[in-house]
Amino acid sequence: MPCLLVLASSLGGGNRKSLRIACISSIVKSAKHTRHRAHTTAESVTAPLGCTHAAFIFMMTMYTQLYNRLSFGWNTVKIDMSAARRDPPPIVPFGLAAFAATLFALGLALGTTIAVGMLFFIQIKIILRNKTSIESWIEEKAKDRIQYYQLDEVFIFPYDMGSKWKNFKQVFTWSGVPEGDGLEWPIREGCDQYSLTIEQLKQKADKRVRSVRYKVIEDYNGACCPLNRGVRTFFTSPCTEEPRIQLQKGEFILATRGLRYWLYGDKILDDSFIEGTSRVRGWFPRNCVEKCPCDGESDPAPEGEKKNR
C-alpha cells in the first residue's frame with residue numbers, strides 16, 4: 001500500500017493543483033509488517049510465561065517459609081519470623097524484610113503477566129484479522145457511508161485475505177521476514193493497492209459536505225472541564241486525547257462531529273495567518289457557538305476557509 005497518493009484536482013481550466021494526501025493507515029501497516037512483529041509477538045508470549053513461573057516460585061517460597069514458622073496453641077496460631085522450626089535451619093535467611101520483598105515481587109510478576117498477556121491477545125487479534133484499529137474504524141465508517149447514502153456498492157477490506165490462517169502466515173514465515181516490502185502488500189482478490197486510500201478520500205469528501213459552519217458567540221479558554229459552561233458540559237467532557245481549542249467571540253468554526261454538549265471542528269483562519277499554518281481543530285462546548293444561517297459547504301467559502309481546509 002502506498003504511503004502517499006498524488007491526485008489532480010481542479011479539473012476545469014489549465015491551472016491544476018496537486019493534492020498530496022498522506023495515508024496514516026499505511027504507516028501503521030508498515031510498522032505492523034516489519035520483521036520485528038513476529039519477535040515482538042513471541043516476546044509477549046514468553047514474558048507472561050516467565051513471570052508465571054516466577055510467581056509460582058514466590059508463592060511456594062512464602063508458603064514453605066511461613067509453614068515452617070507456624071506454631072499452634074490451644075486457641076491461637078502464631079508465626080515466628082525470627083527462625084524456622086527445623087534442623088538444620090534454611091540456607092537462605094527469610095525474615096520480615098525478605099517476606100515483604102517477596103510479596104512485592106509477586107505483585108510485579110502477576111501484574112506483568114496480566115498486562116503483557118493482554119498485549120499478546122491484542123497483537124494476535126490484529127494479526128489474524130490483518131487489520132489495525134485505525135483500519136477497523138475506516139471500514140466501519142465506509143459501511144456507514146454506504147448505508148447513509150443507500151449506495152449500490154460494497155466495501156471489501158483489501159488486506160484481509162479472507163482466512164485467519166492466510167493472515168497469520170503473512171507475519172509468521174519460515175524465513176522470519178513478513179510478506180510485503182513496505183509499499184505493496186498482498187491484497188484480496190477484487191481489490192487493488194489503492195482501495196483503502198480511495199475509500200479514505202471518499203470519506204474526507206463526505207466529511208466536508210456534511211460539515212456545518214458555526215459562529216462563536218461566547219469566549220472559551222480551552223479548558224478540558226470548564227466550570228463556567230454549565231454543569232452538564234462539565235460532566236460530559238469527551239474522554240479523549242484530542243485537544244480543546246480556544247475560541248473568541250466572532251470566530252467561525254466548521255464542525256464535523258459532536259456530542260450532545262460538545263462539538264469537534266476546525267477553526268476557519270483568516271488571511272492574517274501565515275500560509276502553511278497547521279490546522280486549529282479540537283473540541284469546544286456547544287453552548288459557545290450558534291449555527292450560521294447558511295451552511296459553509298452550500299455557499300462559496302471565504303478565501304481563508306478554502307486555504308485551511
Side-chain angles (χ1 to χ4, degrees), residues 1-2 4-13 15-26 134-158 191-192 194-217 238 240 242-245 247 250-271 273 275-309:
M1 178 178 178
L4 298 173
L5 177 63
V6 181
L7 296 178
S9 62
S10 303
L11 297 178
N15 184 16
R16 295 173 178 251
K17 299 179 181 178
S18 293
L19 179 63
R20 184 177 295 270
I21 300 176
C23 183
I24 188 172
S25 63
S26 63
I134 296 177
E135 293 166 345
S136 299
W137 174 239
I138 295 173
E139 183 182 21
E140 182 178 350
K141 290 194 296 183
K143 295 179 180 178
D144 292 340
R145 180 184 63 83
I146 295 173
Q147 182 179 5
Y148 179 80
Y149 291 105
Q150 298 294 320
L151 301 176
D152 188 16
E153 62 179 83
V154 178
F155 175 74
I156 301 177
F157 187 73
C191 303
D192 54 53
Y194 299 94
S195 297
L196 190 60
T197 304
I198 292 174
E199 174 59 33
Q200 287 181 281
L201 293 176
K202 293 180 180 179
Q203 294 179 11
K204 290 293 183 183
D206 179 59
K207 183 179 179 181
R208 288 194 296 269
V209 169
R210 292 198 285 179
S211 62
V212 181
R213 185 189 298 180
Y214 286 85
K215 182 179 181 181
V216 181
I217 57 176
T240 175
E242 294 172 320
R244 276 63 170 171
I245 56 175
L247 302 179
E251 294 180 332
F252 290 91
I253 301 289
L254 276 180
T256 56
R257 53 191 169 95
L259 303 174
R260 186 173 182 180
Y261 298 101
W262 291 81
L263 292 173
Y264 183 91
D266 294 72
K267 185 181 294 187
I268 301 176
L269 306 178
D270 52 27
D271 294 334
F273 286 83
E275 186 173 358
T277 303
S278 60
R279 299 165 59 185
V280 181
R281 55 181 176 175
W283 290 93
F284 53 91
R286 186 184 287 267
N287 54 15
C288 291
V289 297
E290 65 178 6
K291 187 177 180 180
C292 294
C294 297
D295 188 8
E297 293 297 337
S298 59
D299 296 338
E303 183 66 24
E305 181 180 340
K306 291 181 182 179
K307 194 178 298 184
N308 295 282
R309 279 192 188 174

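Heads up: numbering here begins at 1 and tracks the sequence. Reckoned from all heavy atoms, side chains included, excluding hydrogens, waters and symmetry mates.
Atom CZ in Phe157 sits 11.0 Å away from atom NZ in Lys143 (nearest 0.5 Å). Summarising the geometry, atom CG belonging to Leu201 is positioned 12.5 Å from atom CG belonging to Asp206; distances are rounded to the nearest 0.5 Å. In this structure, CD1 in Ile146 is found 13.5 Å from NZ in Lys141, a value given to the nearest 0.5 Å. Between atom SG of residue Cys288 and atom CD1 of residue Ile217 there is a gap of 7.5 Å, rounded to the nearest 0.5 Å. Rounding to the nearest 0.5 angstrom, the gap separating the CD atom in Gln200 from the CD1 atom in Ile134 is 9.5 Å. The CZ atom of Phe284 sits 6.5 Å away from atom CG of Leu247, with the distance rounded to the nearest 0.5 Å.
Annotation: side chain of Ile253 is not in contact with side chain of Asp266 (no heavy-atom distance under 4.5 Å). The shortest distance between side-chain heavy atoms of Lys267 and Phe252 does not fall below 4.5 Å. Taking the side chain as every heavy atom from C-beta outward, Phe155 and Leu196 approach each other to under 4.5 Å.
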ask   = Does the pair Leu269 and Val280 meet the rule for a side-chain contact (heavy atoms from CB on, under 4.5 Å), with working shown?
value = CA-CA 8 Å; Leu269 306 178; Val280 181; 4.2 Å; yes

request  = Please report the C-alpha distance between Val289 and Lys215 in whole Å, then the side-chain angles of each, then the deciding distance to 0.1 Å, and finally whether the side-chain contact (heavy atoms from CB on, under 4.5 Å) criterion is met.
outcome  = CA-CA 5 Å; Val289 297; Lys215 182 179 181 181; over 6 Å; no

message = Using side-chain contact (heavy atoms from CB on, under 4.5 Å), reason through Ile268 and Leu254 one step at a time and then give a plain yes or no.
response = CA-CA 7 Å; Ile268 301 176; Leu254 276 180; 3.9 Å; yes

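By the side-chain contact (heavy atoms from CB on, under 4.5 Å) test, Tyr261 pairs with Arg232, Thr233, Thr236, sequence neighbours left out. Residues that satisfy the side-chain contact (heavy atoms from CB on, under 4.5 Å) test with Arg244, not counting sequence neighbours, are Tyr220, Cys224, Ser237, Pro238, Thr240, Trp262, Trp283. Residues passing the side chain to side chain donor-acceptor pair (under 3.5 Å) test with Thr256, sequence neighbours excluded: none. Scanning for side chain to side chain donor-acceptor pair (under 3.5 Å) contacts around Tyr148 gives an empty result, with sequence neighbours left out. Every residue was checked against the salt bridge (charged side-chain N to carboxylate O under 4.0 Å, His left out) condition with Asp192, not counting sequence neighbours, and none meets it. Remark: Tyr264 pairs with no residue by the side chain to side chain donor-acceptor pair (under 3.5 Å) rule, at least two apart or across chains.
Comment: Glu242 engages Arg257 in a salt bridge, judged by a side-chain N to carboxylate O separation of less than 4.0 angstrom.
No donor-acceptor pair closer than 3.5 Å links the side chain of Glu290 to the backbone N or O of Tyr214.
Pairs passing the salt bridge (Lys or Arg N to Asp or Glu O under 4.0 Å) check and including a residue from residues 146-157, sequence neighbours excluded, read Arg145-Glu153, Glu153-Lys202.
When all heavy atoms of Gln203 and Ala142 are compared, the pair lying nearest together is NE2-N, 3.2 Å.
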